[in-house]
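Predicted model only: the values in this text are computed from it and were never measured.
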Amino acid sequence: GHSTFTGSVIIATLPSSGAFFLTYETSKSIIRNSTKDGTIPTAVINSAASGLAEVVSCAILTPAEVIKQNAQMSSRGSTLKTILRFRRQPSDLFRGYAVLVARNLPFTALQFPLFEDIKETLQRKLKARNGTENVDLARRTAITGFSAGTAGAIAAVITTPVDVIKTRVMLAAGDESSPSKVDKNCASSRKAVKNRPNEIAVLREIWASEGARGLWRGGALRSAWTFLGSGLYLGVYDLARVWLARNRVDNVTGGM
């Protein structure tokens, strides 16, 4: 039940996060090395690299997101039962990929340039105040966490409408994959697929029934949650990355 569902989300999140940071760091390095004359602004490089990383990450994360949304809405939230609902149309596990990318791409493209800029500004001010180029690991982690949280909260508010649409599209995929919703007759199945609501249809429905308020439903909570999540996520990532880099340098130096 719940523990299995949680485990499946973690299993999907780990490789998607790994793929994101691998693609992000590699892309940044390639773009910077190919434009050493500085013709491309740093913000554009960070935005492009994070956008590419998000496209790769979402391909891994989408099936887990679809299963998660439908398991949460089911009164019998068994992960296995939820997965079996998609056996007729396995491709439905990737339904919502486009809208997940559409939500995460602008979010990430906004967050990472903001994050890098805020972090560099705060680190520069701290170095100037202390009169040293060195920033201890604890303060660096705190700066990284605060910068990531602030940038994430801003990006979360702006992209809330796409998140609302994404959630409804993914829930519709689960409803229409259920045997009780889709007739066994092939013609009926094709009709059900054809009549599925797309992102534009969902947007029109929300706007007609709830207006702008419906598109920003949960925006404040999402912003607060993103502040905490992004702060911890990128703070711990940066802490581990810097600690490992310093350890590697110390080991090399000590071995010489």
Side-chain angles (χ1 to χ4, degrees), residues 2-3 5-10 12-14 16-18 20-21 24 43 46-47 50-51 53-54 57-58 60-62 64-73 77 96 99-123 125-126 138-171 199 202-203 206-207 209-241:
H2 178 71
S3 60
F5 159 67
T6 303
S8 67
V9 172
I10 292 173
T13 301
L14 289 176
S16 70
S17 297
F20 177 89
F21 284 114
Y24 178 61
N46 293 335
S47 183
S50 61
E54 196 62 62
S57 176
C58 283
I60 301 171
L61 192 60
T62 298
E65 278 284 300
V66 172
I67 293 168
K68 180 190 76 172
Q69 297 285 356
N70 286 279
Q72 286 176 337
M73 293 299 292
V99 76
L100 184 63
V101 171
R103 179 201 69 178
N104 287 5
L105 197 59
F107 173 83
T108 304
L110 282 169
Q111 183 190 24
F112 273 77
L114 278 173
F115 160 61
E116 299 281 11
D117 187 59
I118 295 171
K119 182 179 71 173
E120 288 176 12
T121 300
L122 293 177
Q123 286 181 344
K125 288 183 177 180
L126 182 61
R139 288 186 180 181
R140 180 190 173 98
T141 302
I143 287 173
T144 299
F146 176 79
S147 302
T150 302
I154 294 170
V157 171
I158 295 172
T159 57
T160 293
V162 187
D163 184 55
V164 172
I165 294 169
K166 182 269 302 183
T167 299
R168 297 202 183 186
V169 168
M170 287 185 167
L171 289 176
E199 290 78 19
V202 171
L203 171 61
I206 295 172
W207 187 265
S209 60
E210 303 176 62
R213 180 180 294 182
L215 290 173
W216 265 272
R217 184 181 296 277
L221 180 61
R222 182 169 182 251
S223 178
W225 180 250
T226 303
F227 178 87
L228 292 173
S230 292
L232 288 171
Y233 182 57
L234 287 172
V236 171
Y237 166 74
D238 192 60
L239 171 65
R241 185 173 65 86

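Distance check: Ile154 CD1 to Ser230 OG gives 11.5 Å after rounding to the nearest 0.5 Å. For the atom pair CD1 of Ile60 and OG of Ser16, the computed distance is 6.0 Å after rounding to the nearest 0.5 Å. In this structure, CZ in Phe146 is found 7.5 Å from CD1 in Ile118, a value given to the nearest 0.5 Å. Note that the CG atom of Leu110 and the CG atom of Leu105 stand 9.5 Å from one another [nearest 0.5 Å]. Expressed to the nearest 0.5 Å, how far OG1 of Thr226 lies from CG of Leu221 amounts to 9.0 Å. Taking CH2 of Trp207 as the reference point, atom CG of Leu215 lies at 6.5 Å (rounded to 0.5 Å).
We find that Arg168 and Glu210 are joined by a salt bridge, their nearest charged nitrogen and carboxylate oxygen being less than 4.0 Å apart.
Nearest heavy-atom pair across Gly214 and Val164 is O-CG1, 3.9 Å. Shown here for Val157 and Gly219, the closest heavy-atom pair between the two residues is CG2-O, 4.5 Å. Here the closest heavy-atom approach between residue Ala156 and residue Ser223 is recorded as CB-CA, 4.0 Å. Scanning both residues, Asn46 and Tyr24, for their nearest heavy atoms gives O-CE1, 3.7 Å.
Between the side chains of Arg222 and Thr159, at least one donor-acceptor pair of N or O atoms lies under 3.5 Å. For the 3.5 Å distance criterion, the side chains of Tyr233 and Ser17 qualify, holding a donor opposite an acceptor. There is no side-chain donor-acceptor pair under 3.5 Å between Gln111 and Ser50. Judged by distance alone, the side chains of Asn104 and Glu54 do bring a donor and an acceptor atom under 3.5 Å apart.
In this structure, Thr141 and Asp238 have side chains that are not in contact, with every pair of non-hydrogen atoms separated by 4.5 Å or more. Counting heavy atoms from C-beta outward, Asp163 and Trp216 have side chains that stay 4.5 Å or more apart.
Looking at Ile143, Thr150, Thr144 one by one, the single match for side-chain contact (heavy atoms from CB on, under 4.5 Å) with Ser147 turns out to be Ile143.
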Next item on the list: Apply the test side chain to side chain contact (heavy atoms under 4.5 Å, CB included) to residues Val162 and Phe107: give CA-CA distance (whole Å), side-chain angles for both, the deciding distance (0.1 Å), then the verdict.
Entry: CA-CA 10 Å; Val162 187; Phe107 173 83; over 6 Å; no
Notebook entry, point to check: Where do Leu61 and Phe20 land on the side chain to side chain contact (heavy atoms under 4.5 Å, CB included) test, with the steps shown first?
Noted result: CA-CA 11 Å; Leu61 192 60; Phe20 177 89; over 6 Å; no
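In the displayed structure, Tyr237 atom OH is contacted under 6.0 Å by more than 12 heavy atoms of other residues, nucleotides or ligands.
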